[in-house]
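Every heavy atom of this structure was used, including side-chain atoms; hydrogens, water molecules and symmetry mates were not. A quick note: this is a predicted structure, and the numbers were derived from the prediction, not measured. So you know, we letter chains A, B, ... as the sequences are listed, proteins then strands, and number each from 1.
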Number of protein chains: 2
Amino acid sequence: MKRNTWQREAVREALDDTEGFISAQALHSSLHASGSPIGLATVYRALGDLAATGEADSLQSPEGEALYRACSTTGHHHHLICRNCGLTVEIAADEVEVWAKRVAAEHGFTGAAHVVDVFGLCANCTKLLGAGPSH
Amino acid sequence: MKRNTWQREAVREALDDTEGFISAQALHSSLHASGSPIGLATVYRALGDLAATGEADSLQSPEGEALYRACSTTGHHHHLICRNCGLTVEIAADEVEVWAKRVAAEHGFTGAAHVVDVFGLCANCTKLLGAGPSH
DNA sequence: TTAGGTGCAAAACCTTTGCACACAG
DNA sequence: CTGTGTGCAAAGGTTTTGCACCTAA
């Protein structure tokens with residue numbers, strides 16, 4: 001059985017308090033800043049568990065970090081993430097769900113954990129930085 | 001200007017010879033196995049350049065590695081990747097292109113470098129491992 | 001009590017970088 | 001020649017792991 005430790009709770013709460021995705025390291029820093037003497041390894045372990053249980057969503061940032069987010073245990077949705085300010089918008093992705101399943105099935109794939117996340121620039125950062133020069 | 005070294009060519013060729021995505025490390029190993037005394041750092045640098053030039057596609061595997069693939073400079077397509085054997089199927093993603101653009105626009109996002117890649121189990125590995133227990 | 005969680009530090013891992021040398025142009 | 005690419009090894013970053021201690025049930 002899983003025990004209920006204050007560390008676990010702290011991680012869960014910190015995750016809930018976070019707007020968008022956050023890295024394990026950032027979350028650890030945040031907790032430390034709030035006075036929690038929680039260890040980095042514990043944060044990693046807690047986040048791993050949360051992700052495994054479905055209580056958190058995880059994805060890989062383009063920089064190679066794992067990002068976590070408190071997630072409605074309910075739906076499988078996707079995200080629109082600003083690569084500049086980190087703003088995250090949750091998007092219902094019914095169409096893509098259907099599409100992903102169909103395509104996967106067409107090729108005989110199963111268990112398609114479809115990673116459909118869109119990194120872009122939000123309206124605000126678009127203004128700040130001008131039209132995307134990159135790419 | 002970019003110089004034309006045999007190392008660069010070797011990386012390009014090795015990438016062309018590869019079916020799906022391959023990690024920098026794996027590609028380096030593969031090259032070594034073929035007798036090329038190319039250095040790991042050089043492989044990373046070459047792959048980085050290729051990705052920057054658009055001659056290669058790169059994405060982050062769930063395991064946190066950067067994967068590269070020789071890519072048609074032409075279209076923006078996506079991939080269906082077996083998380084067990086690495087088999088990669090290229091998928092035309094017109095629908096998703098449209099969808100991604102619309103959703104991004106709806107939220108005021110621009111420059112959406114939509115990462116639409118599906119990790120799953122291919123038909124073969126599904127048989128080998130049984131129905132997906134994960135998730 | 002006792003299985004499981006925690007903390008610390010070391011390790012493993014992928015990737016980048018500094019520097020001297022080699023080579024393409 | 002000259003500047004860029006290369007190789008090696010060391011450094012950088014994130015994540016995992018070993019082990020002793022602690023603690024929730």
Inset, instruction - Could you check how far CG of B:L67 sits from C1' of C:dT15, rounded to whole Å? - result: 14 Å
Inset, instruction - For residues B:H32 and B:I38, report the shortest heavy-atom separation together with the two atoms involved. - result: NE2-O, 3.0 Å
Inset, instruction - Any chance you could measure A:F21, atom CZ, to A:S58, atom OG, to the nearest 0.5 Å? - result: 8.0 Å
Inset, instruction - Output all residues satisfying side chain to side chain contact (heavy atoms under 4.5 Å, CB included) with A:L40, sequence neighbours left out; order by chain, then residue number. - result: A:Q25, A:H28, A:Y44
Legend entry - All side chain to side chain contact (heavy atoms under 4.5 Å, CB included) counterparts of B:A41, not counting sequence neighbours: B:R45
Inset, instruction - Nearest-nucleotide wise, let me know which of B:A24 and A:R8 is further upstream toward the 5' end of DNA chain C. - result: A:R8
Legend entry - Sub-4.5 Å side-chain heavy-atom contact between B:L47 and B:L15: yes
Legend entry - DNA chain D contacts among residues 31-47 of chain A, heavy-atom distance under 4.0 Å: A:L40, A:A41, A:Y44, A:R45
Inset, instruction - Report yes if a side-chain nitrogen or oxygen of A:Q7 is closer than 4.0 Å to either non-bridging phosphate oxygen (OP1 or OP2) of D:dT23; otherwise report no. - result: no
Protein-nucleic acid N or O pairs under 3.5 Å, nucleotides 21-24 of chain C:
from   : atom 1 : to   : atom 2 : distance (Å)
C:dC23 : O2     : B:R3 : NH1    : 2.9

Legend entry - Pairwise distance CZ(A:R69) to CG(A:L27) - rounded to 0.5 angstrom: 13.0 Å
Inset, instruction - Please report the shortest heavy-atom distance between B:A51 and B:Y68, naming the atom on each side. - result: CB-CE2, 4.1 Å
Inset, instruction - Quick one: list whatever passes side chain to side chain donor-acceptor pair (under 3.5 Å) with A:E13, sequence neighbours left out. - result: none
Legend entry - Atom-pair distance (CD on A:E9; P on D:dA24), nearest Å: 13 Å
Legend entry - Partners meeting side chain to side chain donor-acceptor pair (under 3.5 Å) with B:R8 (sequence neighbours left out): B:D49
Inset, instruction - Mind listing the closest non-hydrogen atom pair of A:V11 and A:A46 along with its distance? - result: CG2-CB, 3.8 Å
Inset, instruction - Provide, to the nearest angstrom, the distance between the CG atom belonging to B:D49 and the P atom belonging to C:dT15. - result: 16 Å
Inset, instruction - Starting at atom CD of A:Q25, determine the distance to atom P of D:dG12, rounded to an integer number of angstrom. - result: 15 Å
Inset, instruction - Provide, to the nearest angstrom, the distance between the CD atom belonging to A:E65 and the P atom belonging to C:dT15. - result: 14 Å
Inset, instruction - Would you tell me if any nitrogen or oxygen in the side chain of B:Q60 comes within less than 4.0 Å of OP1 or OP2 on C:dC14? - result: no
Legend entry - Side-chain donor/acceptor of B:S30 to backbone N/O of B:A26, under 3.5 Å: no
Inset, instruction - Describe, as an angle rounded to 10 degrees, how the axis at the first end of the helix from C:dT1-D:dA25 to C:dG25-D:dC1 is tilted relative to the axis at the last end, five pairs per end. - result: 30°
Legend entry - Spacing of B:I22 atom CD1 relative to C:dT15 atom P, expressed in whole Å: 12 Å
